[in-house]
Novice: 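The structure under discussion is supplied below as structure tokens; questions concerning it will follow.
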Amino acid sequence: MTYVVKSAVWIAVYLLFVLSPLLALLAGSLPPARDFWTEFSAALGYSGLAIMGLQFGLTARFRQVTEPWGEDVIYHFHRRISLFAVGLVIVHPLIMFAVQPELLVAPEFRDIPLGAVAAFVSVFSVVALVVMALWRSKLRIPYETWHLSHIALAVIAVTGGLLHMIGWGFYLVDPWKRRLWMGLTVFWLGLLFYVRIIKPLFMLRRPYRVTEVRQERGETTTLVMRPEGHPGFRFRPGQFGWLTVWGSPFKITGHPFSFSSSAAAADGRVEMSIRSLGDFTSGIPDVPVGRRVYIDGPYGAFSIGNPADMHVLIAGGVGVTPMMSMIRTLADAGDKRPVVLLYGSKQWDLITFREDLDALKARLDLKVVHVLADPPADWTGERGFLSADVLRRHLPKPYAGHEYFICGPGVMMDAIEAALAELGVPLMKYHSERYSFV
Ligand SMILES: Cc1cc2nc3c(=O)[nH]c(=O)nc-3n(C[C@H](O)[C@H](O)[C@H](O)COP(=O)(O)OP(=O)(O)OC[C@H]3O[C@@H](n4cnc5c(N)ncnc54)[C@H](O)[C@@H]3O)c2cc1C
């Protein structure tokens, strides 16, 4: 199945899951109609809940689902559509209060109906979810703490929403409708159970062993890992996996890293090259050889494979890791097509894989253009940052004939995407991987 067909199928499945529970509400016996705004507000609430529940599916890392788009696009969609759903969920009570101000009059505590308590808990969780997701860095919440609370709040929000619907019971008087929505909620939470319990159980039986720890230039460490007691998996160059080094796969400690080794390794060996940045990555240079680790993968749509006259790889900093995998794989395959790597680094001595790239030139038609932000005094090469001018100076025309791959810091990627548009390269000719999901 082509990516276009696969994408269309998954979009149809998504719409089916969002719309069918809503349409089901309108089937069978119906309560007497209320005023327009009350009905409209109820529709918003139901829609918001249906979309929110499906977020568990979007983030369940189903390879089949994410394959046509890539993980970063799915997470981007998850963020955007969640905000939309949360908007619906919040507008729902606001309209109700405007239409029926008597709802605002607080009864005695013990007389507050369960449906109202559930609604309050659900909306509160939803607001907390958004605040923590949007301002995690500003609030200085560590990633793992945020991730755990994100899951807990999402479960509370969805369960609270369901209890509110059942407690209010307006549209769910038919037992089959109640069962449908309860079944859906169980399904959504089941997806979470699959990701957090079932999948780690499988990973536990497929561990990897660190067989080499290699220091690279630019505060980067390469872990060489071999499958233990299983054949490993096959990946496409440019893809990534979630790595768990400390603790079991049940812990929320998996971090995403691109594979930097050739995809042609026959023994299932994989390498990840990791730059020391924060808590987790700074511990990587101290990982002992022999340590048991877990890799969940492969994931991502950032990979060579389309027909191309030449591959243009544009990397900034540690964004070179997927490019290394592409270059090594093309070299192993004896590919004859030219490859140009435009590679932005800070300083000459900090260029990760500098010597490996030089060595690879002997096996591949590879041209490497280093762009240094802080070059030495005698540097005659490109200086500053990757830009449309750098591209013009080093790429043959027509620019639209090549296949482009971009990975690096967000600002660099924005600049390069704008530069490629300026050079008339169509969107379908460039592929990018952003190193931040959250
Ligand atoms: C698809 C993909 C491929 C990547 N490939 C590489 C690579 O090959 N080499 C490399 O050095 N880096 C890579 N990264 C970046 C790497 O995942 C982060 O630098 C690393 O997780 C930071 O963790 P930390 O605890 O050391 O830093 P922190 O300072 O704790 O985190 C820095 C930022 O990294 C992100 N992050 C932290 N923990 C996680 C997590 N568990 N899951 C998702 N994001 C997290 C958050 O946005 C956080 O703000 C990749 C990222 C993605 C999304």
Side-chain angles (χ1 to χ4, degrees), residues 72 137-138 213-223 238 240 255-258 260 271-286 302 311-328 339-361 364 366-395 399 402 404-423 425 430-436:
D72 51 348
S137 305
K138 285 212 172 88
V213 179
R214 221 169 36 230
Q215 294 309 317
E216 313 278 3
R217 288 180 183 276
E219 291 188 50
T220 301
T221 307
T222 295
L223 297 183
F240 71 95
H255 287 245
F257 297 104
S258 305
S260 55
E271 296 181 12
M272 287 174 168
S273 302
I274 300 172
R275 182 156 294 179
S276 300
L277 282 177
D279 294 353
F280 177 83
T281 48
S282 300
I284 295 297
D286 302 325
F302 183 67
H311 292 104
V312 180
L313 315 180
I314 307 175
V318 79
V320 74
T321 51
M323 314 305 186
M324 264 331 261
S325 179
M326 292 178 190
I327 294 170
R328 285 172 167 155
V339 178
V340 178
L341 172 66
L342 301 163
Y343 182 9
S345 306
K346 213 168 181 182
Q347 294 170 359
W348 179 243
D349 285 337
L350 300 181
I351 301 177
T352 311
F353 302 128
R354 199 177 82 194
E355 289 80 4
D356 302 62
L357 286 166
D358 283 341
L360 279 158
K361 284 180 194 162
L364 193 71
L366 171 67
K367 172 178 164 185
V368 181
V369 178
H370 289 293
V371 182
L372 296 183
D374 180 14
D378 56 350
W379 177 250
T380 54
E382 293 287 354
R383 50 181 67 223
F385 298 100
L386 286 155
S387 64
D389 286 339
V390 175
L391 266 61
R392 273 196 202 93
R393 278 197 287 276
H394 296 281
L395 298 180
Y399 303 124
H402 326 313
Y404 295 80
F405 295 84
I406 320 164
C407 186
V411 264
M412 179 212 108
M413 296 185 60
D414 294 342
I416 295 298
E417 283 171 8
L420 290 177
E422 192 184 317
L423 298 184
V425 178
Y430 57 89
H431 317 266
S432 56
E433 181 81 280
R434 292 195 179 248
Y435 273 5
S436 67

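Throughout, numbering of the chain's residues begins at 1 and tracks the sequence.
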Novice: Can you name the closest pair of heavy atoms from Ser325 and Gly238 and give their distance?
Specialist: OG-N, 3.9 Å

Novice: Which pair of non-hydrogen atoms, one from Tyr399 and one from Tyr404, has the smallest distance, and what is that distance?
Specialist: O-OH, 2.7 Å

Novice: Looking only at non-hydrogen atoms, find the nearest pair between Pro322 and Gly319 and report the distance.
Specialist: CD-O, 3.3 Å

Novice: What class does the angle between the rings of Tyr343 and His370 fall in, given that below 30° is parallel, 30 to 60° is tilted and above 60° is perpendicular?
Specialist: tilted

Novice: Can you tell whether the side chains of Arg434 and Glu417 come within less than 4.0 Å, N to carboxylate O?
Specialist: yes

Novice: Counting only heavy atoms not in Lys346, do more than 12 fall under 6.0 Å of its NZ?
Specialist: no

Novice: With a distance cut-off below 6.0 Å to the six-membered ring centre and an angular limit of 45° from the axis, does Arg328 pair with Phe353 as a cation-pi contact?
Specialist: yes

Novice: Closest heavy-atom contact between Met323 and Cys407?
Specialist: CE-N, 3.6 Å

Novice: Would you say Ile406 and Leu420 make side-chain contact, with heavy atoms under 4.5 Å?
Specialist: yes

Novice: Considering only heavy atoms from C-beta outward, does the side chain of Val371 approach that of Leu342 to under 4.5 Å?
Specialist: no

Novice: If we only count heavy atoms from C-beta on, is the Val213 to Leu223 side-chain gap below 4.5 Å?
Specialist: yes

Novice: For residues Met413 and Gly408, report the shortest heavy-atom separation together with the two atoms involved.
Specialist: SD-O, 3.2 Å

Novice: Any non-hydrogen side-chain atom of Arg354 less than 4.5 Å from a side-chain atom of Asp349?
Specialist: yes

Novice: Does the side chain of Arg275 come within less than 4.5 Å of Thr281's, by heavy atoms?
Specialist: no

Novice: Of all the heavy-atom pairs spanning Phe257 and Phe240, show the shortest one and how long it is.
Specialist: O-CB, 3.1 Å

Novice: Going by the angle between their ring planes, with limits at 30° and 60°, are Trp379 and Trp348 parallel, tilted or perpendicular?
Specialist: tilted

Novice: Heavy-atom distance under 4.5 Å between the side chains of Lys367 and His394, does that happen here?
Specialist: yes

Novice: Is it the case that more than 12 heavy atoms not belonging to Phe385 sit under 6.0 Å from its CZ atom?
Specialist: no

Novice: Below 4.0 angstrom, N of the basic side chain to O of the carboxylate: do Arg217 and Asp356 qualify?
Specialist: no

Novice: Please determine which of Glu271, Glu216, Gln215 meets the side-chain hydrogen bond (donor to acceptor under 3.5 Å, both in side chains) test together with Thr222.
Specialist: Glu216

Novice: Sort out for me which residue in Ile274, Val320, Thr321, Thr352 forms a side-chain contact (heavy atoms from CB on, under 4.5 Å) with Ser260.
Specialist: Thr321

